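For reference, the structure is listed below as structure tokens.
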Protein chains: 2
Amino acid sequence: MTRPRTGPRRDPEAQRRALAAAAELLTELGFHKVTMERIAERSGVAKMTLYRWWPNKAAIITDAVRDTLAPSSTPDTGSVTTDARTQLDALIKVIAPYGDASVTAAAMSSRGEEGRADLAGILQPWHDSLVTILERAQARGELSQDFPVTVTAHAWMGYVVYRVVFLQQDITETDLTALVTAR
Amino acid sequence: MTRPRTGPRRDPEAQRRALAAAAELLTELGFHKVTMERIAERSGVAKMTLYRWWPNKAAIITDAVRDTLAPSSTPDTGSVTTDARTQLDALIKVIAPYGDASVTAAAMSSRGEEGRADLAGILQPWHDSLVTILERAQARGELSQDFPVTVTAHAWMGYVVYRVVFLQQDITETDLTALVTAR
DNA sequence: ATGACTTGACGATACGTCTCGTATCGTCAT
DNA sequence: ATGACGATACGAGACGTATCGTCAAGTCAT
């Protein structure tokens with residue numbers, strides 16, 4: 001009955017190609033013009049196979065952008081304004097090409113649908129990174145103990161997301177400096 | 001050849017019913033489950049007639065929420081923290097039921113798509129209102145002349161939009177107070 | 001004034017298209 | 001022999017278009 005395990009295994013190379021194709025198409029076309037058929041065509045992976053690995057379109061898109069959207073590290077120069085500006089600058093550069101995808105992924109989450117948690121999850125590391133920067137500044141006395149760390153981190157995240165993703169505006173260095181200086 | 005103008009006029013009552021139905025369905029179902037057919041059914045206006053008045057779904061949704069989402073006035077108590085908190089509180093209450101619709105509308109506006117719902121346009125009056133509050137404070141000397149008005153207004157807007165629409169979180173009074181106080 | 005006429009907005013309905021997601025089947029490497 | 005893969009057909013839902021008959025609102029002739 002239970003023969004050990006024979007037959008072919010799933011092909012990780014196909015998965016890699018599918019994710020690469022999804023990420024490419026995403027920056028080229030934007031979320032809503034990326035279709036499962038186009039991903040299949042570009043990657044050479046059959047559409048059916050895509051659905052064998054990911055339950056729906058939101059899932060494969062999320063997987064495709066997760067790596068690219070993760071912060072690489074948290075700067076620690078000893079100056080909160082420098083660190084914050086550096087990190088926010090990195091965030092802007094990273095999400096700008098995917099702004100459309102991010103907001104659309106969020107959109108797919110409407111009313112208890114799954115997918116929203118994905119966006120929050122993807123941006124969470126950036127929020128955490130900003131919190132770390134602020135808490136280090138608190139620890140070394142650069143900020144007071146009752147400084148509103150979480151609110152400030154949310155405001156910074158919100159500023160970037162609002163302008164880049166919602167308003168689709170560029171953010172100048174001057175703006176960014178004013179943002180992290182105005183405390 | 002050119003007879004002045006005869007025949008029936010467009011029915012503003014039908015338009016009113018269509019917009020009301022769209023707004024209702026939006027809060028009940030969220031953007032992506034509102035269909036033109038459902039709006040037609042609920043309002044008693046034929047789908048074809050909807051397309052005679054609005055070019056696409058985004059347009060009718062935008063029209064439907066524009067009024068509800070507009071700020072009624074700009075508070076002016078003489079205290080920038082009070083005014084800002086009041087106004088941001090009003091913004092939160094207004095967009096919370098439409099959070100889903102807003103983010104979806106934003107999604108539709110990306111990549112020069114035609115089905116573009118003008119989210120930026122709808123939120124602009126709120127931004128302007130915050131700018132007014134800050135400039136009044138500057139005028140009466142409560143804020144310095146080089147205070148970054150626009151950046152602050154964007155950060156406040158971003159904070160609300162990010163938490164309410166993206167993360168779908170509630171915002172406490174404490175958070176709001178910390179936001180407008182931390183300057 | 002009155003009654004026939006013309007215009008065009010509306011409702012109903014059938015389509016065409018696109019895309020998601022499912023079902024089925026033969027092939028072929030392990 | 002197993003089962004992952006590619007190819008293909010298919011069903012469902014939604015957007016947006018096309019077409020047609022109806023009917024009310026004005027217009028014009030008498």
Side-chain angles (χ1 to χ4, degrees), chain A residues 1-19 21-22 25-26 29-64 101 104-105 107-111 113-115, chain B residues 1-19 21-22 25-26 29-62 64 101 104-105 107-109 111 113-117:
Chain A
M1 199 78 265
T2 53
R3 193 163 161 161
R5 171 71 170 81
T6 140
R9 316 294 193 261
R10 289 199 159 176
D11 182 358
E13 175 59 19
Q15 181 178 30
R16 198 198 53 73
R17 274 185 295 143
L19 288 176
L25 290 168
L26 207 48
L29 307 175
F31 184 97
H32 94 289
K33 281 189 177 167
V34 176
T35 68
M36 294 302 258
E37 249 119 22
R38 274 196 252 263
I39 297 176
E41 186 190 11
R42 172 78 61 106
S43 65
V45 175
K47 189 173 75 158
M48 245 335 278
T49 303
L50 299 179
Y51 279 105
R52 287 192 186 99
W53 291 29
W54 295 276
N56 51 51
K57 179 178 164 182
I60 188 171
I61 295 295
T62 303
D63 251 29
T104 311
M108 295 192 61
S109 75
S110 45
R111 305 287 153 167
E113 226 67 29
E114 47 192 304
Chain B
M1 199 75 267
T2 51
R3 198 165 160 158
R5 170 71 170 83
T6 140
R9 313 294 192 259
R10 290 197 159 177
D11 183 359
E13 174 60 18
Q15 182 178 31
R16 198 198 53 74
R17 274 184 296 142
L19 288 176
L25 289 168
L26 205 48
L29 307 175
F31 185 97
H32 91 290
K33 282 187 179 168
V34 176
T35 68
M36 294 301 259
E37 250 117 21
R38 274 195 252 263
I39 296 176
E41 186 189 11
R42 173 77 62 105
S43 65
V45 175
K47 189 172 79 158
M48 244 334 277
T49 303
L50 298 179
Y51 279 106
R52 286 192 187 100
W53 291 43
W54 294 275
N56 52 51
K57 178 179 165 182
I60 187 171
I61 295 294
T62 303
T104 312
M108 299 192 60
S109 77
R111 303 276 160 166
E113 217 50 37
E114 44 186 299
R116 118 177 237 115

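Throughout, protein chains are lettered first and strands after them, A, B, ... in sequence-line order, and every chain is numbered starting at 1. Note that the coordinates shown come from a computational prediction; the quantities given were computed from them, not determined experimentally. All values below were derived from every heavy atom in this structure, side-chain atoms included, with hydrogens, water molecules and symmetry-related copies excluded.
Interatomic distance, OG1 of A/T49 versus CD of A/Q15, reported as 11.5 Å (0.5 Å rounding). One distance of note links OG1 of B/T35 with CG of B/L29; it measures 8.5 Å at 0.5 Å rounding.
Using a 4.0 Å cut-off on heavy atoms, the residues of residues 42-49 of chain A that approach DNA chain C are A/K47, A/M48, listed by number.
Taking side-chain N and O atoms only, A/R38 has a distance below 4.0 Å to OP1 or OP2 of C/dT19. The phosphate of C/dA9 has neither OP1 nor OP2 within less than 4.0 Å of any side-chain N or O from B/W53.
Side-chain proximity of A/D11 to D/dC5, D/dG16, C/dG21: nearest is D/dC5. The nucleotide whose nearest atom lies closest to any side-chain atom of A/R10 is, among D/dC15, D/dC5, C/dC20, D/dC5.
Of all heavy-atom pairs between B/N56 and B/Y51, the closest is CA-CE2, 4.2 Å. Nearest heavy-atom pair, A/R17 versus A/S43, reported as atom, atom and distance to 0.1 Å: NH1-O, 2.7 Å. Closest non-hydrogen pair, B/L50 versus B/A40, comes out as CD1-N, 3.9 Å.
The distance between atom CG of B/N56 and atom P of D/dG16, rounded to the nearest whole Å, is 5 Å. Here the P atom of nucleotide D/dA14 and the CD1 atom of B/I60 are 16 Å apart, to the nearest Å. Atom CG of A/L25 is separated from atom P of C/dT19 by 12 Å (rounded to the nearest Å). In this structure, B/L29 atom CG and D/dA14 atom C1' are separated by 14 Å, rounded to whole Å. Protein atom CG of A/L50 is 9 Å distant from nucleotide atom P of D/dG6, rounded to whole Å. Distance, B/K57 NZ to D/dG13 C1': 11 Å, rounded to whole Å. Counting to the nearest Å, the C1' atom of D/dT19 and the OH atom of B/Y51 are 17 Å from each other. What separates NE2 of A/H32 from C1' of D/dA14 is a distance of 14 Å, to the nearest Å.
No side-chain heavy atom of A/K57 sits under 4.5 Å from any side-chain heavy atom of A/I39. Side chains of A/W53 and A/L19 form no contact here, defined as non-hydrogen atoms less than 4.5 Å apart.
When each of B/R17 and B/E37 is assigned the nucleotide of DNA chain C with its nearest heavy atom, B/R17 is the one assigned upstream, toward the 5' end.
With salt bridges taken as basic N to acidic carboxylate O contacts below 4.0 Å, none links A/R38 and A/E41.
Note on the helix from C/dA1-D/dT30 to C/dT30-D/dA1: angle between the axes of the first and last five pairs equals 10°, rounded to 10 degrees.
If you check distances only, the side chain of A/R52 does reach the base of D/dG6 with a donor-acceptor pair under 3.5 Å.
Counting non-hydrogen atoms under 4.0 angstrom, A/W54 reaches nothing in the nucleic acid.
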